[in-house]
Amino acid sequence: MCGIVGYVGPRQASDVLLGGLARLEYRGYDSAGVAIASGGELKVMRRVGKLVNLTQAIGKTPVPGFVGIGHTRWATHGRPSEENAHPHADCTGRIAVVHNGIIENYMELREELAQNGHILRSETDTETVAHLVESYYDGDLALAVRKAIKRLHGAYALGVIHLDEPETIVAARKDSPLIIGLGKGENIVASDIPAVLEYTREVLALADDQVATVSAGQVIVTDLEGAPVESEMLHIEWDLAAAEKGGFADFMLKEIYEQPKAIRETLRGRMGADGIIQLSELEMTPGQIASIDRVFILACGTSYHAGVVAKTLIETWARIPVEVQVSSEFRYGDPIVDDETLVVAITQSGETADTLAGVREARNRGAKVIAITNVVGSRVTRESDGVIYTHAGPEIGVAATKTFTAQIAALNVLALKLAQAKGILGQERIAALWADLNRIPDIVEAILADLDAIEECAAAYTDVYSTLFLGRGVGWAVAMEGALKLKEISYIHAEAFAAGEMKHGPIALISDEVPVVVVATQGHTYEKVVSNIQEVRARGAEVIVVATHGDDEIKRHAEHVLYVPATSELLSAIPATIPLQVLSYRIAKFRGCNVDQPRSLAKSVTVE
Ligand code: F6R
């Protein structure tokens with residue numbers, strides 16, 4: 001996700017800002033910029049692409065000065081471009097703002113600001129903050145920032161400077177991290193610890209709704225009313241490499257733990273005050289949605305598994321028939337899609353060659369194509385009719401984890417939208433499902449807080465050669481994803497089947513050397529799944545079960561039970577996936593595998 005660095009002190013701000021932004025490069029970004037108070041002027045430099053472009057620009061035209069803010073942007077509102085890159089300035093060019101997060105009510109604020117005569121130059125949500133601060137500024141920057149943020153809905157970490165107070169940065173946060181590295185006679189504001197480690201290991205962690213006024217010699221922290229408050233102080237022991245991974249051993253593990261946030265961000269702002277699911281990206285009227293008579297989902301790998309979950313959601317809630325196909329088959333087949341078919345292309349990278357070819361094929365046949373992707377400005381966003389973004393932040397580990405669960409969250413929103421527009425589900429049911437869906441991030445947090453059983457299970461199966469994964473309904477999609485995760489990062493053979501298919505062939509593979517992982521959370525086929533477990537146990541297999549808390553009976557049928565909190569059956573895909581991600585991760589680590597960069601795999605598969 002985006003990175004923020006701010007500096008105030010005796011060094012050249014540009015050096016500290018560029019150095020700090022380089023430390024945050026691992027987070028992924030598509031443009032970068034700085035604003036520095038320089039010789040009585042506010043100098044803003046921004047460049048698209050890698051940080052080196054900005055560094056070269058500053059090398060050619062140095063920006064001397066001792067106070068500044070910098071940013072690496074991972075596009076969320078508006079394509080990656082120089083105009084959309086941060087910092088953003090107000091109308092006077094005396095105020096500059098960097099921001100991480102999403103301002104949900106920015107459209108409303110833009111309109112209000114434009115009506116009041118402000119000229120907005122970018123497509124971003126962030127620029128509204130610069131103009132709001134401008135409109136509230138009356139000689140006290142911290143006060144103006146406090147007034148401005150009271151108008152914001154959503155998540156933000158902010159760094160703000162004003163030429164009238166050229167020795168100060170005002171920083172604030174809500175639901176987006178921001179820290180202040182405390183140096184001797186200098187202070188550094190940053191969105192993440194690696195950016196400050198070169199200068200200090202003493203860190204002040206701002207809490208939500210706190211505003212800090214940062215100068216070289218002091219940091220004053222207040223609440224939103226301006227009353228002084230205490231912030232948490234930390235002494236950082238990690239080295240730089242560990243800090244980039246937030247103290248986790250690998251990016252994959254960090255990303256597994258980022259899932260509650262990724263899901264929350266993806267759901268954020270999707271339910272209107274009027275009870276209507278917000279999905280303007282479809283660019284369809286309720287009447288047009290009502291006329292959709294078929295949905296076709298295209299995707300590869302893990303994204304395909306999200307598509308399999310979506311088929312059940314859409315068919316159950318919206319009663320629209322859904323076909324899910326791997327993109328490589330779709331593009332060379334003769335698919336039946338026309339102008340009444342909604343084609344949904346799921347691709348976290350937005351660059352997968354087969355999915356892009358499928359998108360072109362579908363559009364040639366007259367279908368409307370909606371992409372679900374995590375990368376703003378990726379190719380699929382340019383080739384589709386509409387885009388729904390998952391807000392998972394950059395995923396660096398090659399194996400998809402948080403992008404998968406964020407895709408499922410986005411597909412839940414799509415399925416509810418279709419059901420609502422078609423009038424299949426009433427308002428009360430939609431509201432209840434929405435409330436259940438919004439509990440999923442907490443459920444994921446709870447699973448990640450108690451991993452002992454998974455650890456024990458992983459240790460027991462480190463040396464197996466082959467495994468089978470079984471499930472029914474959404475549990476089958478989870479089983480497929482569990483098998484894919486295990487094979488790609490641990491190199492153990494893993495195969496998934498719909499549990500009911502066992503006796504049509506795969507059961508011949510069962511032996512005491514092939515452990516079987518079964519997704520057996522509560523649902524209408526639970527009894528059937530238990531029968532399948534008994535069939536494989538009768539043939540000597542050891543069984544690992546993902547089950548619902550409170551199901552003590554299942555212990556009689558399994559060597560290991562990985563419990564997840566109860567949800568409704570259709571919402572169980574995300575919780576049931578988490579233990580299987582962690583299981584694969586732990587097994588791969590026991591085997592000494594490089595989980596972030598598994599052999600032969602790439603994060604974006606841009607060739608056929
Ligand atoms: C598995 C994995 C791959 C991708 C597949 C599609 O962990 O990451 O199977 O899911 O290559 O990639 P995207 O979603 O970028 O189209």
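Ligands are counted one by one from 1 in listed order, and the atoms in each one are counted from 1 as well.
- Residue pairs meeting the side chain to side chain donor-acceptor pair (under 3.5 Å) criterion with at least one member in residues 333-343, sequence neighbours excluded, are Asp334-Arg365, Asp338-Thr341.
- Every ring-ring contact (aromatic ring centres under 6.0 Å, His included) that Tyr563 has, sequence neighbours left out, goes to His549.
- Each of Cys300, Gly301, Thr302, Ser303, Thr347, Gln348, Ser349, Thr352, Val398, Ala399, Ala400, Leu484, Lys485, Glu488, Val605 has a non-hydrogen atom positioned under 4.0 Å from some atom of ligand 1.
- Between Glu315 and Arg319 there is no salt bridge, since none of the side-chain N atoms of the basic residue sits less than 4.0 Å from a carboxylate O of the acidic one.
- Sequence neighbours left out, the pairs with a member in residues 455-465 that pass side chain to side chain donor-acceptor pair (under 3.5 Å) are Glu455-Arg586, Tyr461-Glu542.
- For the pair Gly301 and Leu484, the tightest heavy-atom approach, listed with the atom from each and the gap, is C-CD2, 4.0 Å.
- When the options Thr405, Thr401, Val564, Ile454 are evaluated for a side chain to side chain contact (heavy atoms under 4.5 Å, CB included) with Ile578, the one that passes is Thr405.
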